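First comes the structure, then the notes that go with it.
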2 protein chains.
Amino acid sequence: MARGRDEVTIKDVARVAGLGLGTVSRVLNNKPHVNEKSRKRVLAAIEQLGYSPDLVARSMRAGESKTLAFVVRDFTGAILSALADAVQGEIDPLGFSLFVASSYHDPERELALIRRFKARRVDGLIIATSSEADPAVLSEFADGSMPLVLLDRELPEALDAVQVDHAGGAAQAVDHLVSLGHRRIALISGEPDVFPTTERVRGYREALARHGIRHRPALCRVGSFSVDFAYQQAFALLGSKQRPTAIVAGGTAMLPGVLRAAQELELVIPRDVSVVGGADGDLARYSTPPLTVVTWDYAELGRTAGRFLANRLEDPDGPRQRRLFPTRLVPRQSCAPPPDDP
Amino acid sequence: MARGRDEVTIKDVARVAGLGLGTVSRVLNNKPHVNEKSRKRVLAAIEQLGYSPDLVARSMRAGESKTLAFVVRDFTGAILSALADAVQGEIDPLGFSLFVASSYHDPERELALIRRFKARRVDGLIIATSSEADPAVLSEFADGSMPLVLLDRELPEALDAVQVDHAGGAAQAVDHLVSLGHRRIALISGEPDVFPTTERVRGYREALARHGIRHRPALCRVGSFSVDFAYQQAFALLGSKQRPTAIVAGGTAMLPGVLRAAQELELVIPRDVSVVGGADGDLARYSTPPLTVVTWDYAELGRTAGRFLANRLEDPDGPRQRRLFPTRLVPRQSCAPPPDDP
DNA sequence: ATCGAAATTGGAAACGTTTCCAAAATCAAG
DNA sequence: CTTGATTTTGGAAACGTTTCCAATTTCGAT
């Protein structure tokens, strides 16, 4: 099992170079106090033996692993994978490698993942907690034993965070629809206890109020980030007698559900109902008609998260880092004035 | 920097339990030869101190890290992230954590990633090499120093692999189109030096031959897995005088490009041109019209890759593992008989 | 009670680094 | 040359485990 019986170690390098362990280590880490001639000899020996340092041993001794973890609810989906990709791209040049794991919306599982990463001596965590309310997960963070960056979440602790201005996004969507003449505007979003949903609801209600439109609870559907949930809600909404003339779909997973419901009820977008997507993607961009969406810069969000975490590791007591990413509305062809009669 | 000054170690547990290191270690690893009463004492001490073993130290001593890496060209995209997710789900219960990294189609970068993972003592690799031809990457595998599973690639070495039957898939697409009356069928796929493309081309040509249709090189466009490439090729193809009546788009990234080209040329799918997608996804499923695609079970592919790698670690000299995943054609509404005149 | 076998136990050694300290070599100034 | 300061060097100790071996305890049979 134990591969690497034949691995060359720093001792071999020292022997071949005819120098001591200390000197080799100093060369490896670019430390001062090593004669130019010795450095050359060490480098030659390294080259000759094909030596490369054992990062596990290094972690062991140094107490840090140059390793980060990215924990989300679910990787299946273009946005979170784009984020992971961006994070990895950002931290790789700094010598870090990235673990990823999904909690599948299960706080229990999430906790187990965090614990295991802690045991692996991961240097830091980028995490979109499955819930903002789970006390077990919260208390795992409370002791401050693990540097972390929150991804689109809001926790009571004073943690570094990158967030998207979903409230602003929802407001942009409502403004746009109102300007087209809509008054009965529905919102569908996912899990009620996470930042993206609470913010969307807040932005939606505030925008309605601003336009003097009464908020009807029946039009605000919040539950779970799944295609099925979105489908059911959209179906119920669009099938009702006083159906909304527009739907704001929060989150990527909502869009397919809404489209399917509209299709099954033989409602044509945007003639019969207007739709604004809560995040951009291939589906929104290339479907017919292309869908108006609220979007933001995924890659930059990921890079920022990675950078925040790297900063934090360098300066554990530095000031809290936060950034709220603005959204923007991309008008395409899924919104039109409301139909006359219904 | 060195967090964890206060961490509790196996020595503390031994002291509190009033037993030796060996005994504690035996309890931790469920080894035999430990008295029931001692076991209880150790467990109590662990509980009391909140001890959890340091996985880095364990790796150090054991020579294996319980860590795997997943290296692909690009994570942005639903398929590869679904695969990563499946791999992670499969290996997590076995105690493994998963690193991910993108090579961005750059063999140089890919090599650097592999080297770093080796230095991290990763136990194994699941990899979709950026090219099947790069000698540097090949030779890195040749020494057999790292167990690995190939993902949709074919290399001369006798390596474990999971692959998709893209040749069969392309043939299914061609058969379907021919049965509708098409004769001028184009294929667009990505990088020419990787398994999915070479197989698609092979399947495409064989199917054409089987139907007695002459292969026209101009209709077979192969280059890069990018939306832009697909767009350009589709635009050229559909804008030509003898334009194809059907296009087979190999790979997810191809689809948006083809759709956009058709849209800009004001060609209606499937009236003016039929389209078969080379992989399924939200876009294909929910766009209007829904697109006929060739697909396969992404999650099962990922799980199998994970399982193969775990098997290999358990039995380094076991028989070579391979699996070719069948594709199936999902008829939707993007294919129709060819237009009469063009 | 006594003996041999089996079960249980403790702790040194090892894994491959980096860090630290003391020793050796070099240098500059007198 | 001598001396004191500085640079360079070597190697023991430490990081937290597991493994191994020898020592001790327990057990069963006589």
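Please read these numbers as outputs of a predicted model, since none were measured by experiment. What's counted below: heavy atoms across the whole structure, side chains too, no hydrogens, waters or symmetry copies. Below, chains carry the letters A, B, ... as their sequence lines are ordered, and counting in each starts from 1.
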> For DNA chain C, which residues in residues 19-27 of chain B have a heavy atom at a distance below 4.0 Å?
Replying inline: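 Nucleic-acid contacts, sorted: B/Leu19, B/Gly20, B/Gly22, B/Thr23, B/Arg26.
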
> Between the two ends of the helix from C/dA1-D/dT30 to C/dG30-D/dC1, what is the bend in degrees, rounded to 10 degrees, where each end axis spans five pairs?
Replying inline: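 It comes to 40° between the two terminal axes.
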
> Among residues 28-47 of chain B, which contact DNA chain D at a heavy-atom distance under 4.0 Å?
Replying inline: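 B/Asn29, B/Lys31 - these, ordered by number, are the residues of the stretch whose heavy atoms sit under 4.0 Å from the strand.
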
>> Among residues at least two apart in sequence or on other chains, which ones pass ring pair (Phe, Tyr, Trp, His ring centres under 6.0 Å) with B/Phe117?
In response: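 Partners of B/Phe117 under the ring pair (Phe, Tyr, Trp, His ring centres under 6.0 Å) test: B/Phe99.
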
Sequence neighbours excluded, which residues qualify as side chain to side chain contact (heavy atoms under 4.5 Å, CB included) partners of [X]?
| X | answer |
| --- | --- |
| A/Glu108 | A/Asp106 |
| A/Lys31 | A/Arg26, A/Asn29 |
| B/Ala142 | B/Glu157 |
| B/Glu90 | B/Arg303, B/Arg307 |

>> Among residues at least two apart in sequence or on other chains, which ones pass side chain to side chain donor-acceptor pair (under 3.5 Å) with B/Ser102?
In response: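 For B/Ser102, the residues satisfying side chain to side chain donor-acceptor pair (under 3.5 Å) (neighbours in sequence not counted) are A/Asp85.
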
> Taking only residues two or more places apart in sequence or in another chain, which ones pass side chain to side chain donor-acceptor pair (under 3.5 Å) with A/Asp193?
Replying inline: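 A/Ser131.
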
>> Under a 4.0 Å threshold between the charged nitrogen and the carboxylate oxygen, would B/Arg115 count as salt-bridged to B/Glu110?
In response: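 B/Arg115 and B/Glu110: not salt-bridged.
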
>> Taking side-chain hydrogen bond (donor to acceptor under 3.5 Å, both in side chains) as the cut-off, I'd like each qualifying pair that reaches into residues 38-59 of chain A, sequence neighbours left out, listed once.
In response: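 Checked against side-chain hydrogen bond (donor to acceptor under 3.5 Å, both in side chains) - neighbours excluded - the pairs reaching residues 38-59 of chain A are A/Asp54-B/Arg121.
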
Ignoring hydrogens and angles, write down the donor-acceptor pairs under 3.5 Å from the side chains of residues 66-84 of chain B, residues two or more places apart or on other chains.
residue: B/Thr67; atom: OG1; partner: B/Ser65; partner atom: O; Å: 3.4
residue: B/Asp74; atom: OD1; partner: B/Thr76; partner atom: N; Å: 2.9
residue: B/Asp74; atom: OD1; partner: B/Thr76; partner atom: OG1; Å: 2.7
residue: B/Ser81; atom: OG; partner: B/Gly77; partner atom: O; Å: 2.9
residue: B/Ser81; atom: OG; partner: B/Ala78; partner atom: O; Å: 3.0

